[in-house]
Amino acid sequence: MGEDVRTVFFDLDGCLVDSRAAIAHCINHALTSAGLPRRAEDALHRYIGPPLLSTFVELLLEDGRDPSGAHDCVAAYRKVYGEVSLERTLVVPGVGRVLERLAGEVQLAVVTSKPAEFAQPILVSVGLDRWFGGVFAPPLDALEEPKAEALERALAWAGVGSDPMQRADAWMCGDRYHDIGAGRACGTATVGVTWGIGDRAELEAARADAIVDDPADLVPLLTTG
């Protein structure tokens, strides 16, 4: 592909894969390890997307606990997540066909808040790794890294410079306001998807440039212009 080929960056959880069961299970494992009660799994879905440390800080504060225990919760979560994520993470229906169609026309990469040590094996396990030229994620010890930092690394990899017009021809695709916010901070175009955790209202409030309800709708959007 030439240097002028458009680049599309995809969020992982909620956008490419359905990780609700795996993440909720591991959050509950961490909570019970800290002596806290389990939560209903559907009540934990809203925590999918933000950095993990902030999730446990919020959960501890809700239970009247010292938020400094969040680091221990992250460690307990990660102790089981590597295995559980490979057993309980599913591809979003239709995404594989969309990536196959996009791969011949645009450059693809993953930008996620999940450490690459977990993200890469998931992509391999569900068979999506072959479509992506790179996975950009925080290091294991960067528990509060803003998503925009990973996106900046991805833009550098893609050869997208600082020119605003060049950046506006790249797309950040995700299901949460964090994804849209990262794209806006870095000057890319943004598309929100409604089949993940965030709903249309959240994506509209985040000011996504486009919102789609079906994976197939991404193809004409991301290959036009």
Side-chain angles (χ1 to χ4, degrees), residues 8-28 39-62 70 77 85 88-95 98-99 102 108-115 118-119 122 136-138 143-152 154-155 167-168 170-222:
V8 179
F9 305 105
F10 279 93
D11 171 49
L12 180 60
D13 294 316
C15 184
L16 298 175
V17 299
D18 181 351
S19 51
R20 290 174 294 181
I23 291 177
H25 174 88
C26 294
I27 290 176
N28 269 328
R39 305 283 186 98
E41 286 201 357
D42 59 356
L44 294 173
H45 292 167
R46 68 188 182 94
Y47 295 106
I48 298 174
L52 193 57
L53 184 67
S54 64
T55 288
F56 285 116
V57 166
E58 184 174 337
L59 288 168
L60 288 168
L61 287 172
E62 284 181 3
Y77 175 100
S85 64
R88 303 195 184 191
T89 302
L90 305 172
V91 178
V92 171
V95 159
V98 167
L99 295 176
L102 289 175
L108 300 173
V110 172
V111 176
T112 177
S113 294
K114 187 189 304 297
F118 296 121
I122 289 172
F136 299 89
L143 296 176
E144 298 179 274
E145 179 181 275
K147 193 157 196 170
E149 292 189 20
L151 181 53
E152 282 290 353
L155 286 163
R167 289 202 164 204
W171 285 81
M172 179 66 213
C173 177
D175 66 316
R176 299 300 311 273
Y177 68 91
H178 307 85
D179 307 311
I180 306 306
R184 291 182 61 82
C186 294
T188 72
T190 57
V191 52
V193 304
T194 61
W195 56 80
I197 302 302
D199 58 15
R200 180 171 287 271
E202 176 179 323
L203 297 167
E204 288 177 346
R207 295 187 291 166
D209 294 308
I211 300 174
V212 298
D213 299 315
D214 187 283
D217 295 334
L218 290 171
V219 176
L221 175 68
L222 299 176

Heavy-atom side-chain proximity of [X] to [Y] below 4.5 angstrom:
X	Y	answer
Ile27	Arg39	no
Phe10	Val95	no
Arg167	Cys186	yes
Ile23	Tyr47	no
Val212	Trp195	yes
Pro50	His178	yes

Between [X] and [Y], what is the shortest heavy-atom contact and its length?
X	Y	value
Leu16	Asp11	CG-O, 3.3 Å
Ser113	Pro138	O-CG, 3.3 Å
Arg207	Thr190	O-OG1, 4.0 Å
Ala206	Ile180	O-CG2, 3.4 Å
Ile197	His45	CG2-O, 3.3 Å
Ser85	Ala22	CA-CB, 4.0 Å

- Would you confirm whether Asp179, through its side chain, and Arg176, through its main-chain N or O, come within 3.5 Å as a donor-acceptor pair?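 Yes: the side chain of Asp179 pairs with the backbone of Arg176.
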- Sequence neighbours excluded, every pair satisfying salt bridge (Lys or Arg N to Asp or Glu O under 4.0 Å) that has a member inside residues 40-58: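 Applying salt bridge (Lys or Arg N to Asp or Glu O under 4.0 Å) to every pair that reaches into residues 40-58, excluding sequence neighbours, yields Arg46-Glu58, Arg46-Glu62.
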- Return each pair, listed once, that meets salt bridge (Lys or Arg N to Asp or Glu O under 4.0 Å) where at least one residue sits in residues 181-193; pairs must be two or more places apart or across chains. none
- Query: Rounded to the nearest 0.5 Å, what separation is found between the CG atom of Asp213 and the OG1 atom of Thr194?
  - Reply: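 Between Asp213 CG and Thr194 OG1, I get 3.5 Å after rounding to 0.5 Å.
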- With rounding to the nearest 0.5 Å, note down the distance linking CG in Leu44 to NE2 in His25.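 Here the rounded value is 12.0 Å.
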- Item | Identified side-chain contact (heavy atoms from CB on, under 4.5 Å) counterpart of Val193 within the set Ile211, Asp217, Asp175 |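 Considering Ile211, Asp217, Asp175, a side-chain contact (heavy atoms from CB on, under 4.5 Å) with Val193 is found only for Asp175.
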- N-O pairing of Lys114 and Asp13 below 4.0 Å: yes
- Item | ring pair (Phe, Tyr, Trp, His ring centres under 6.0 Å) against Tyr77, all qualifying residues, sequence neighbours excluded |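 Result, ring pair (Phe, Tyr, Trp, His ring centres under 6.0 Å) vs Tyr77: Tyr81.
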